[in-house]
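Here is the naming used below: chain letters follow the sequence lines, and residue numbers restart at 1 for every chain. Keep in mind the model is a prediction, meaning the values are calculated, not measured.
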2 protein chains.
Amino acid sequence: MDEFRETELKKRISESTIRRLSLYHRALEIVEENGSETVSSKELAKIEKLTPAQVRKDLSFFGSFGTRGLGYPVKDLKAKIARILGIDRVWNIALVGVGNIGSALVSYKEFARQGFKIVKLFDNDQRKIGSNHKGIVVSDIKNIVSELSGSEIEMVVVCVPGSVAQFVVNDIVKAGLRAILNFAPVNLKVPDDVFVRNENMAMELEYLSYALVNNHSKNRVK
Amino acid sequence: MDEFRETELKKRISESTIRRLSLYHRALEIVEENGSETVSSKELAKIEKLTPAQVRKDLSFFGSFGTRGLGYPVKDLKAKIARILGIDRVWNIALVGVGNIGSALVSYKEFARQGFKIVKLFDNDQRKIGSNHKGIVVSDIKNIVSELSGSEIEMVVVCVPGSVAQFVVNDIVKAGLRAILNFAPVNLKVPDDVFVRNENMAMELEYLSYALVNNHSKNRVK
DNA sequence: CCTATTTTGTGAAGGCTTTCACATAGATAA
DNA sequence: TTATCTATGTGAAAGCCTTCACAAAATAGG
């Protein structure tokens, strides 16, 4: 059943491959809505602006899901990718820092749609503690270690200012959690077995700035 | 003056190098606050969890900014990176889709701090059009082409649902803009000379999900 | 001034990722 | 059943990015 689990295959799957699996999953939703039973690597590639060879290579790391001459079975492949990514279940998530971004994420439908359920909120602001966001009462961040330890929560979204993010993360680690989505613009120090993904929105604008200033156009004259 | 402009050097600078320049810039802010006059590649690397060789190699693409035996001049290097990235100026930005995420970004201090100024808002919802967000009145998206054409706005942040994102982007392109930060979970089709960066927050959670499920720990026993 | 020390800048090596190209296998049609 | 067509799966090649390792340059301390 777990024939494509990386730990069992003892193969190193690259980060880019995993990120593209998310894209394939998303593309398969589109194809599924169109009513197709099967889809080719060419079609998947087109939707996400990749190459067919890339699609096939990525999928081949996890098994042979397609049929030669026909393509991949849409429903089945989608389920298999969901299983690989671990999104064939609900993940309970805590969010720390109910500011602008934080409270926007509480209502962010794309999280819910993918099975990411924000079930607990923390803040250090007395005016926010006890207040209600989409049915969730904001807890005092002072109690974060005890409230997360042994709870059903396995991921934390950090939306606090950069100056306090490391302290918050220390507590999250202390509580035994191992997955953090960080919106603070700092590099968090965590033990090797804790996973951190950084969401740095200003950095993306900086990239656009660079591209414009350097006229870094893909089809510019040489 | 422009000795490090990519177009003049005719060198291809990788995307990862540019993203790391943002990190170096951020690290230099920290070092500057600490009052240091100079900083070594080793110190910069430590702050952003990179290698000293990586830092030196990245910077070397743009020139020789350091002094052997001493390191890099903090203030000066920071200014030079800002220049390379094009963030030594203010960028005027329009934001389309004043929903949860959109309105959070209007107040997002990290954008403002880096010189990214949201100066115009668009939405298609009659209840939102005319309303005021942080001093900006929401415009009708119907007028987006005429209002952006020839304006001082050079970047657009797209926070509309995936189902309408492509239509919005078509209008942005029609208005002659070439830089888009896209929060919609779709792959946008744009001409080759238009730059799109995708911010896919659910994808980051999916990566965390994968990491947890596959016990993909950095220091696991082989 | 000389020596020891520090740290840059950079070719070259190594490693990783993507693309190529084709054998293979199943689908389709007559 | 046989021929033709289509699209996968995958070694090998190519390309790209990171790390290594060291000469060179500047400092610091006698």
Evaluation steps, side chain to side chain donor-acceptor pair (under 3.5 Å), between A:Q166 and A:N170: CA-CA 6 Å; A:Q166 185 64 60; A:N170 293 347; 2.9 Å; yes
message: As an exercise, state the distance from OG of A:S36 to CG of A:L28, rounded to the nearest 0.5 Å.
response: 10.5 Å
field: Point-to-point distance, once rounded to the nearest 0.5 Å, from CG of A:L23 to CD1 of A:I81
entry: 10.0 Å
- request: Mark up nucleotides 5-11 of chain C, 5' to 3', with B wherever a protein heavy atom is under 4.0 angstrom from a base atom, S wherever such an atom reaches only the sugar-phosphate, and - elsewhere.
  value: -BBBBBB
query: How long is the gap from CD on B:E199 to CE on A:M203, to the nearest 0.5 Å?
result: 10.0 Å
Sole candidate of A:N92, A:D88, A:I93, A:I87 that passes side chain to side chain contact (heavy atoms under 4.5 Å, CB included) when paired with A:V90: A:N92
- request: Using a strict 4.0 Å threshold on nitrogen-to-oxygen distance, state whether A:E110 and A:R113 make a salt bridge.
  value: yes
- request: Before accepting this row, confirm whether a basic side-chain N of the pair A:R89/A:E154 lies closer than 4.0 Å to the acidic partner's carboxylate O.
  value: yes
Give every pair of a protein N or O atom and an N or O atom of nucleotides 15-17 of chain C that lie under 3.5 Å apart, one pair per line with the distance.
none

statement: B:L23 CG to D:dT18 P, in whole Å, measures 12 Å
- line: Taken to the nearest whole Å, CG/A:D58 to P/D:dT8 is 13 Å
query: Rounded to the nearest 0.5 Å, how far apart are CG of B:L44 and CG of B:L59?
result: 7.5 Å
